[in-house]
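Atoms considered below: every heavy atom in the structure, side chains included; atoms not considered: hydrogens, waters and symmetry mates.
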Amino acid sequence: MKKEKKTGHFETLKNVIYAVKVIKQCAPWFITFQVLAMIGNWFFTGFIQEILFLRMILKIIEGSGTYKDFVFTVVMFVAAGVLSKFTNNFFDYLLNVRSKIFYKNLNNRIFDKAKKVDIECYENPEFFDTYKRATEILTEQHYLQFVFNYTSVFADALTGIFIAAYVISIDPRILFILLLVIPMLVFQAVKGSLEVKKDREMTLHKRSKAYVKRIMYLKDFSKDMRTSSVIEILHERYKQAVARNREIIKKYGYKAALLETLTGFFGKALPVALTYIYATFRYAVKKNLVLADFSVIMTAMDNIKGILNDMGAAVTLTRKEALYFGNLRSFLEYESTVVSGDKEAEELQSLEFKNVTFTYPGASKPTLKNINVVFDKGETTAIVGHNGAGKTTFVKLLLRFYDPDEGVILYNGVDLKEYDLTSLRNRFATVFQDYKVFALSVAENVLCKEVETEEENLKVSEALKNSGADSFVNRLYQKENTVITREFDEKGTGLSGGEQQKVAVARMFAKEYDFAILDEPSSALDPVAEYKMYESLISGTKDKTVIYISHRLSSAVLSDKIYVFGNGTVQEEGTHEELMAKNGIYAEMFELQASSYKNDGGSVSEE
């Protein structure tokens with residue numbers, strides 16, 4: 001148990017050190033400016049105005065000071081106020097500038113890392129949660145809270161030491177009273193540890209609450225929630241999360257209350273009471289303490305009390321905010337398992353899977369087992385099979401989102417691992433099963449960049465025509481310049497699932513590529529539209545190497561070669577005619593789908 005506590009404290013310290021390091025790297029002088037601003041504000045207002053000025057006024061009242069001293073003190077008082085205002089405004093400006101620089105630089109780091117982490121990370125709930133919490137440093141401005149509290153610790157400590165030294169110079173015995181606040185710092189540290197533990201235990205339930213709150217206003221969930229009773233289940237999950245967090249708060253609440261009481265006693269009641277008794281005894285009984293020094297001691301001790309309380313709270317909050325930087329550290333220091341090679345990928349001649357087996361992390365059995373397939377340049381291949389047969393996993397291995405556990409994938413006879421990832425993936429044009437369109441113009445969605453030249457405009461138009469999207473895009477308000485969704489443009493447009501899919505396919509036609517991969521490219525289309533799309537794709541990808549991944553067989557009829565996947569293995573292979581002649585799995589699937597198409601009024605040609 002003790003070992004765990006030490007590890008926890010050490011981990012918190014590492015997070016704090018890492019946070020300071022990142023802030024210094026992203027915005028040099030940010031922390032320094034904040035410390036100077038805090039110390040400057042206190043020195044001008046708290047020390048010069050509240051202590052020195054008070055002491056001088058009382059000395060004049062007692063007759064131990066001159067009018068000249070008074071004038072000098074007033075001038076210093078006014079000057080301190082003006083200088084304090086100026087420095088506050090100056091440091092506010094510097095801090096605002098530094099904050100913007102930090103935001104920009106850290107955002108760039110997070111974006112750069114997000115582009116490089118393995119795809120499996122996004123399929124890992126724990127890592128995805130770490131990534132989400134890392135971004136909250138910026139979206140929830142935790143970095144500002146960390147900077148404020150971290151610098152408060154140093155500013156309060158320096159200020160407290162300065163005041164203590166000043167008071168001790170008046171009466172050295174005050175030092176013994178000040179030492180009584182040490183237990184308060186210990187109790188606050190323990191209370192801070194409890195707060196961190198409490199927050200960690202509440203994290204999962206906070207995530208549950210946040211999930212329910214988030215999907216309540218997302219369009220993708222709105223129809224299902226209104227046509228079923230799932231909202232009641234979600235509401236119950238929300239209430240359970242709230243109840244469990246209340247239990248956690250109760251669990252730590254009594255201990256926290258006790259520590260808070262002890263902190264108040266040693267940090268406020270005891271030192272203040274002893275100071276009052278001691279200073280009053282010297283002033284009223286012994287009469288060896290002047291009124292000015294009496295007032296300064298009382299004021300200073302009251303300031304020290306407030307400073308220590310603020311510092312204790314700042315330490316606790318610094319530790320809590322450092323947890324977010326711990327998530328950032330985990331995210332930015334993640335080492336990818338899919339490591340880029342240094343070989344430039346040349347024009348595709350062949351691609352081969354040799355005895356490839358793959359199991360997802362945490363899965364109990366392989367998704368693909370002993371896969372052997374070959375793709376030759378200029379060949380059109382269909383990979384078909386029922387849902388869950390391993391077809392999409394096959395694509396992920398092909399694009400090196402994952403590496404196989406056994407076997408090898410060869411590009412032009414060379415292991416994929418030897419190629420530079422960017423140059424390798426640039427050789428492929430892919431339409432994914434879970435395609436996405438973005439809140440950008442149609443043209444930007446197709447080109448995946450801003451359209452800047454007339455040549456690029458022509459490329460977009462040609463791509464839309466090849467995908468069949470031009471028929472509806474030309475009817476839009478600003479044609480290909482129309483923004484998809486109305487989230488950022490009230491004149492934007494919503495697209496149906498089929499229309500979105502055609503825009504996604506247009507991306508492929510707009511790209512320079514050797515190898516096209518279409519993973520369920522017609523899943524949102526009716527059978528007739530599906531067949532027409534495949535005819536268009538065959539024409540538009542002429543002389544290209546193409547893989548169609550589908551559980552529907554329109555693509556298979558038009559392909560040079562077919563692989564039938566099932567239970568993670570290749571169960572059949574051949575041309576359409578050869579597989580129909582075998583009268584096996586493929587033939588059965590084809591006949592079932594063909595009859596379905598005919599019932600829908602469409603037709604499937606075997607020629």
Side-chain angles (χ1 to χ4, degrees), residues 36-88 152-185 188 263-314:
L36 291 174
M38 287 182 164
I39 292 176
N41 182 62
W42 173 83
F43 183 77
F44 292 127
T45 57
F47 182 68
I48 293 178
Q49 294 181 352
E50 292 181 11
I51 296 177
L52 285 186
F53 185 72
L54 174 64
R55 192 180 191 197
M56 183 56 66
I57 292 293
L58 291 173
K59 280 187 174 183
I60 292 172
I61 292 172
E62 289 182 314
S64 59
T66 66
Y67 183 72
K68 183 179 179 181
D69 293 332
F70 173 73
V71 172
F72 175 76
T73 304
V74 170
V75 171
M76 189 167 62
F77 179 89
V78 174
V82 173
L83 191 57
S84 174
K85 192 68 176 176
F86 172 77
T87 54
N88 278 342
S152 291
V153 174
F154 287 93
D156 287 341
L158 291 172
T159 299
I161 291 170
F162 185 85
I163 295 179
Y166 185 74
V167 174
I168 291 169
S169 71
I170 297 173
D171 188 339
R173 295 184 185 88
I174 296 294
L175 175 62
F176 296 105
I177 297 176
L178 291 173
L179 292 176
L180 293 173
V181 302
I182 292 176
M184 180 205 78
L185 298 177
Q188 281 193 323
T263 297
F265 177 74
F266 284 98
K268 298 178 183 178
L270 186 59
V272 171
L274 290 177
T275 301
Y276 274 51
I277 291 169
Y278 174 71
T280 303
F281 177 76
R282 282 197 59 192
Y283 176 74
V285 179
K286 289 291 186 179
K287 300 188 183 300
N288 59 358
L289 185 68
V290 298
L291 178 61
D293 289 343
F294 173 81
S295 298
V296 166
I297 289 174
M298 302 302 288
T299 303
M301 287 300 293
D302 190 58
N303 283 349
I304 288 174
K305 175 192 70 176
I307 287 169
L308 288 172
N309 286 326
D310 290 345
M311 187 168 70

By ring pair (Phe, Tyr, Trp, His ring centres under 6.0 Å), which residues pair with Phe86, not counting sequence neighbours? none
Suppose we screen for ring pair (Phe, Tyr, Trp, His ring centres under 6.0 Å). Which residues come up paired with Tyr283, at least two apart in sequence or across chains? Phe294
To the nearest 0.5 Å, what is the distance between CD1 (Ile307) and CG (Asp302)? 10.0 Å
Atom pair CD1/CD1 of Ile174 and Ile297 - distance to nearest 0.5 Å: 4.5 Å
Is the shortest heavy-atom distance from the side chain of Asp171 to the side chain of Tyr278 under 4.5 Å? yes
Taking side-chain contact (heavy atoms from CB on, under 4.5 Å) as the test, write out the residues that go with [X], two or more places apart.
{"X": "Thr299", "result": "Ile51, Leu54, Asn303"}
{"X": "Val71", "result": "Tyr67, Val75"}
{"X": "Leu270", "result": "Leu180, Phe265, Phe266, Leu274"}

Pro271 and Ile177 have their tightest heavy-atom pair at O-CG2, 3.6 Å
Name each donor-acceptor pair under 3.5 Å that joins a side chain in residues 286-293 to protein atoms two or more places apart or in another chain, with its distance.
{"unit_1": "Lys287", "atom_1": "NZ", "unit_2": "Ala284", "atom_2": "O", "d": "3.4"}
{"unit_1": "Asn288", "atom_1": "OD1", "unit_2": "Arg282", "atom_2": "NE", "d": "3.0"}
{"unit_1": "Asp293", "atom_1": "OD1", "unit_2": "Arg55", "atom_2": "NE", "d": "2.9"}
{"unit_1": "Asp293", "atom_1": "OD1", "unit_2": "Arg55", "atom_2": "NH2", "d": "2.6"}

Report all side-chain donor-acceptor pairs from residues 152-161 shorter than 3.5 Å, counting only partners two or more places apart or in another chain.
{"unit_1": "Ser152", "atom_1": "OG", "unit_2": "Phe148", "atom_2": "O", "d": "2.6"}
{"unit_1": "Asp156", "atom_1": "OD2", "unit_2": "Met311", "atom_2": "N", "d": "3.4"}
{"unit_1": "Thr159", "atom_1": "OG1", "unit_2": "Ala155", "atom_2": "O", "d": "2.7"}

If a pair satisfies salt bridge (Lys or Arg N to Asp or Glu O under 4.0 Å) and one of its residues is in residues 159-168, list it, with sequence neighbours excluded. none
